[in-house]
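Note on naming: letters A, B, ... go to the chains in the order of the sequence lines (proteins, then strands), and numbering restarts at 1 for each one. A quick note: this is a predicted structure, and the numbers were derived from the prediction, not measured.
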2 protein chains.
Amino acid sequence: MATRTRPNAGTKGVARADREEQILTVACRLFGESGFASTSVADIAEAAGISKPLIYNYFGSKEGLYAVCVQHAAEILTAEIERTAASGTVGLARAVVTLDGMFRVLEPQPWLWHLVFDPTAPPDAATQKVLADYERRILDFGTEGVGELLRLAGNDDPTDTEAMRAVWENVFRTLVTWWLAHPDESPAAMTERCVRLFAAVFGEIDLPTS
Amino acid sequence: MATRTRPNAGTKGVARADREEQILTVACRLFGESGFASTSVADIAEAAGISKPLIYNYFGSKEGLYAVCVQHAAEILTAEIERTAASGTVGLARAVVTLDGMFRVLEPQPWLWHLVFDPTAPPDAATQKVLADYERRILDFGTEGVGELLRLAGNDDPTDTEAMRAVWENVFRTLVTWWLAHPDESPAAMTERCVRLFAAVFGEIDLPTS
DNA sequence: CCTTGATATGACTCTGGGGTAAGTTACCAC
DNA sequence: GTGGTAACTTACCCCAGAGTCATATCAAGG
């Protein structure tokens, strides 16, 4: 055709699976850094060097893409938590080990954290299911340690346990979020800081040799 | 005129100050319950039984209205915190007293809480200034108690103190938010729950007679 | 009465951003 | 070469929701 109305169309030799992975990587970063609501599909397309319809072609909708991003992040974070949980430590030592693992996992891609806790995440069913699953898998670990703490103090009220679990979950989140807001701090240094903070509240704790 | 093209126009005998207060009340509730981003000016107008332009006439913009709402809420919450702070208690007892006061203030209008901590609040200068002021006034109280706790454990690292303050602030927020999510629990019952939770972590605490 | 200012609204405009229709290009199998 | 298909884009539609304009009604003062 003499009239090249769409000079950039046509395949560039990138297989669908590869393109999907590339889009996913870019989207995770943008969604994580700016939040779901403040990130437009056009932004992602531009950052990935492709056009908007390709994203819709591969992921269906903005929500669809987001759900895959959250799934991706949740899998990484859950795997790390389950890994440290399997290491056999208990009580506060386990908390420290878990935090330490989280810092190390997040260091190369800190935006994953905010992805999972994005307050502007859509009420979309797929996304909510992924988040609910994540929540459920994480929950048990927290409830364990917290329940133990309360029983030690002679308290086995289940509602108290639930409230305390919410508190613990948010302490965990706060420590990670605080660390993310202080990028100069290494994971190791932050872990030590956590140990000092716990010690101030609970007294000295015996850590596993690592 | 035979052609009554705008049958509902014209004053209804409500003075500007009264209308502003009425709009403010409705807006606080809607913004607080659904968040800034999910609440449209049309929603507020409808809930207040007036038309959209009147809101723009009185408040200039959606952000302008929101800033006034946040100011309103922040004043109420700050006043309550400063009131309990002036009561003379210290340490954990003060934490309990402050929480108790907060539960009582929020009982008739729980939405005020989420208004101040809305993650979808606009980056608008006026709003941010109000929030920053609120933050600053609250901050000192937390830093005080937290600093004391750390010093007692032989720790006076200022960065540790800052991190611990962030943790404490979020524990406070979590307890209030948890309570708001359990509307059947009375302020008194929730205060007692907090006492039990603190006791489990810190051991028994001596409360002021009240 | 009749002007003036405050209170009020119906019916617009405009923009950002999600989503789509329809076509274009390249590669591969035969 | 010539279909068929997968990869890709341009240019568009469309709507919710912020914000505005021109006008209408009322109450009070002269």
Side-chain angles (χ1 to χ4, degrees), chain A residues 1-24 26-27 30-31 34-69 120-124 126-127, chain B residues 1-23 26-27 30-31 34-67 69 120-124 126-127:
Chain A
M1 279 273 179
T3 62
R4 283 179 57 96
T5 55
R6 231 159 294 190
N8 298 319
T11 181
K12 305 205 162 52
V14 181
R16 173 166 184 157
D18 293 345
R19 213 35 128 192
E20 282 180 346
E21 194 186 329
Q22 180 207 351
I23 294 171
L24 181 69
V26 171
L30 292 193
F31 278 141
S34 311
F36 175 80
S38 307
T39 306
S40 75
V41 177
D43 288 342
I44 298 169
E46 192 188 349
I50 56 165
S51 72
K52 211 167 43 145
L54 195 58
I55 294 181
Y56 282 94
N57 220 3
Y58 287 170
F59 294 93
S61 65
K62 187 185 181 186
E63 275 86 1
L65 172 57
Y66 186 73
V68 177
C69 287
T120 68
D124 155 52
T127 302
Chain B
M1 280 272 177
T3 61
R4 283 181 57 94
T5 56
R6 229 159 296 187
N8 298 320
T11 182
K12 306 211 161 48
V14 182
R16 173 166 184 156
D18 293 345
R19 216 29 131 197
E20 281 180 347
E21 193 186 330
Q22 180 208 351
I23 294 171
V26 170
L30 293 193
F31 278 141
S34 311
F36 175 80
S38 306
T39 305
S40 75
V41 177
D43 289 342
I44 297 170
E46 192 189 348
I50 57 166
S51 71
K52 210 167 41 142
L54 195 57
I55 293 181
Y56 282 94
N57 219 6
Y58 288 170
F59 294 92
S61 66
K62 187 185 181 186
E63 276 86 2
L65 172 57
Y66 186 74
C69 287
T120 68
D124 157 50
T127 302

Are Tyr56(A) and Val41(A) close enough, and set up right, to give a side chain to side chain contact (heavy atoms under 4.5 Å, CB included), and what steps lead you there? CA-CA 9 Å; Tyr56(A) 282 94; Val41(A) 177; 3.5 Å; yes
Roughly how far, to the nearest 0.5 Å, is NZ of Lys52(A) from CG of Asn57(A)? 13.5 Å
Under 3.5 Å between N/O atoms: give me all the protein pairs with nucleotides 10-13 of chain D, atom names plus distance.
unit_1  : atom_1 : unit_2  : atom_2 : d
dT10(D) : OP1    : Asn8(A) : ND2    : 3.2
dT10(D) : O2     : Arg6(A) : NH1    : 3.4

Looking at every heavy atom in both Thr120(B) and Ala37(B), which two are closest together, and how far apart are they? OG1-N, 3.2 Å
Between Gly13(B) and Gly13(A), which has a closest nucleotide on DNA chain D that is more 5'? Gly13(A)
To the nearest 0.5 Å, what is the distance between CD1 on Ile50(B) and NZ on Lys12(B)? 9.5 Å
Within residues 35-43 of chain A, residues whose heavy atoms come under 4.0 Å of DNA chain C: Thr39(A), Ser40(A), Val41(A)
Ile50(B) CD1 to dG10(C) C1': how many Å, rounded? 15 Å
Pi-cation contact, Phe31(B) with Lys62(B) (under 6.0 Å, within 45°): no
In Å and rounded to the nearest 0.5 Å, what is the CG to CZ distance from Leu30(A) to Phe36(A)? 13.0 Å
CD1 of Ile55(B) to CZ of Arg19(B), rounded to nearest 0.5 Å, is 10.5 Å
Scan residues 34-51 of chain B for pairs that pass side-chain hydrogen bond (donor to acceptor under 3.5 Å, both in side chains), counting only residues two or more places apart or in two chains. Ser40(B)-Asp43(B)
Distance in Å, Arg16(B) CZ paired with Ile23(B) CD1, rounded so as to fall on 0.5 Å steps: 9.0 Å
For DNA chain D, which residues of residues 54-68 of chain A approach it to below 4.0 angstrom with any heavy atom? Leu54(A), Tyr58(A)
Glu63(A) meets the side chain to side chain donor-acceptor pair (under 3.5 Å) criterion, sequence neighbours left out, with none
Do other residues, nucleotides or ligands put more than 12 heavy atoms under 6.0 Å from Glu21(A) CD? no
From Leu24(A) CG over to Ile44(A) CD1, what is the distance, rounded to the nearest 0.5 angstrom? 10.0 Å
Just to be sure I understand the geometry, which residues of residues 16-23 of chain B put a non-hydrogen atom under 4.0 Å away from DNA chain D? none
